[in-house]
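Here the structure comes first, spelled out in structure tokens, and everything after it is commentary.
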Amino acid sequence: MNEDFKKLIEEAKKIAIKKKLSEYASCGHVGCALMTAKGNIYTGICLDLNCGLGKCAEYAAIAEMIKHDESEIKRIVSYSAKGVIYAPCGSCRELIRMVDDKNLETEVMVREDKVCKLKELLPEMYITKQ
């Protein structure tokens, strides 16, 4: 495992702490850390609501990155409070792809021992440019 991913896992571990917010909501059982092409690291936690609304940790980290006027993701990892690496859901994979065309080359840690490029995780993606 390369040093960038080790650092990202450590950052995600720091924030992957499940917290009850109310009778209807919890957060933090998944933490995400990403590294941009500029070398900056952004993090986010999940938000789970009983009504079905909520956001993934990847979404929160990407929103934080965009807030800082960046969009190209070099590497990304999500870590659960249970101590497991989680691959991004399909919706988050699409979000990573949509915010920057270069993100098809993003390295995504899907397991502790496996990293894939985003384009490998979206093999049948639709093409918007001809």
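When reading the values below, keep in mind they use all heavy atoms of this one structure, side chains included, and skip hydrogens, waters and symmetry mates. Note that the numbering runs from 1 along the sequence shown for the chain.
The shortest side-chain heavy-atom distance between L49 and Y24 does not fall under the 4.5 Å cut-off. Considering only heavy atoms from C-beta on, L34 comes within 4.5 Å of T36 through its side chain. Counting heavy atoms from C-beta outward, E105 and K119 have side chains that approach closer than 4.5 Å.
The nearest pair of heavy atoms linking C116 to K114 is SG-CE, 3.6 Å. Closest heavy-atom contact between P88 and R93: O-NE, 2.7 Å. Listed here is the closest heavy atom pair of G44 and A57: O-CB, 3.5 Å. The minimum heavy-atom distance between M109 and V115, with the atom names listed, is CE-CG2, 4.0 Å. Closest non-hydrogen pair, G31 versus A12, comes out as O-CB, 3.6 Å. Taking every heavy atom of both residues into account, M35 and L8 meet most closely at N-CD2, 3.9 Å.
When only modelled atom types and interatomic distance are considered, E11 and Y79 share no side-chain donor-acceptor pair under 3.5 Å. Side-chain atoms of S78 and E58 form a donor-acceptor pair, as typed in the model, at a separation below 3.5 Å. For the residue pair D48 / H29, a side-chain donor-acceptor distance below 3.5 Å is found, with atom types taken as modelled.
E120 and K117 are not joined by a salt bridge, as no carboxylate oxygen comes within less than 4.0 angstrom of a charged side-chain nitrogen. For the pair K13 and E10, the salt-bridge criterion is met [side-chain N within less than 4.0 Å of a carboxylate O].
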Test side chain to side chain contact (heavy atoms under 4.5 Å, CB included) applied to V110 and I85, step by step: CA-CA 7 Å; V110 296; I85 302 291; over 6 Å; no
Residue pair C56, S91: steps toward the side chain to side chain contact (heavy atoms under 4.5 Å, CB included) verdict: CA-CA 9 Å; C56 296; S91 186; over 6 Å; no
Criterion side chain to side chain contact (heavy atoms under 4.5 Å, CB included) on E107 and F5, from CA distance to verdict: CA-CA 10 Å; E107 293 178 348; F5 271 119; 3.9 Å; yes
Side chain to side chain contact (heavy atoms under 4.5 Å, CB included) assessment of I73 paired with I96: CA-CA 8 Å; I73 303 168; I96 294 165; 4.1 Å; yes
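Note on L95: it clusters hydrophobically with V108, by side-chain heavy-atom contacts below 4.5 Å among ILVMFWY residues. Linking ILVMFWY residues whenever their side-chain heavy atoms come closer than 4.5 Å, directly or via other members, places Y42 and I66 in the same cluster. In the hydrophobic clustering of ILVMFWY residues, with side-chain heavy atoms under 4.5 Å counting as a link, L121 and V99 come out together.
Here the NZ-CD distance, from K102 to E72, works out to 5.0 Å after rounding to the nearest 0.5 Å. Atom CD1 of I76 is separated from atom CD1 of I41 by 12.0 Å, given to the nearest 0.5 angstrom. Rounded to the nearest 0.5 angstrom, M98 CE and C92 SG are separated by 13.0 Å. L47 CG to I45 CD1: the interatomic distance, rounded to the nearest 0.5 Å, is 7.5 Å. Interatomic distance, S26 OG to L21 CG, rounded to the nearest 0.5 Å: 6.5 Å. Atom SG of C32 is separated from atom CD of E64 by 11.5 Å, given to the nearest 0.5 angstrom.
The main-chain N or O of T106 is never found under 3.5 Å from a side-chain atom of N103 such that the two would form a donor-acceptor pair. Put simply, the side chain of R75 never gets that close to the backbone of D4: no donor and acceptor are under 3.5 Å apart.
Environment of OH in Y59: sparse, with no more than 12 heavy atoms of neighbouring residues, nucleotides or ligands closer than 6.0 Å.
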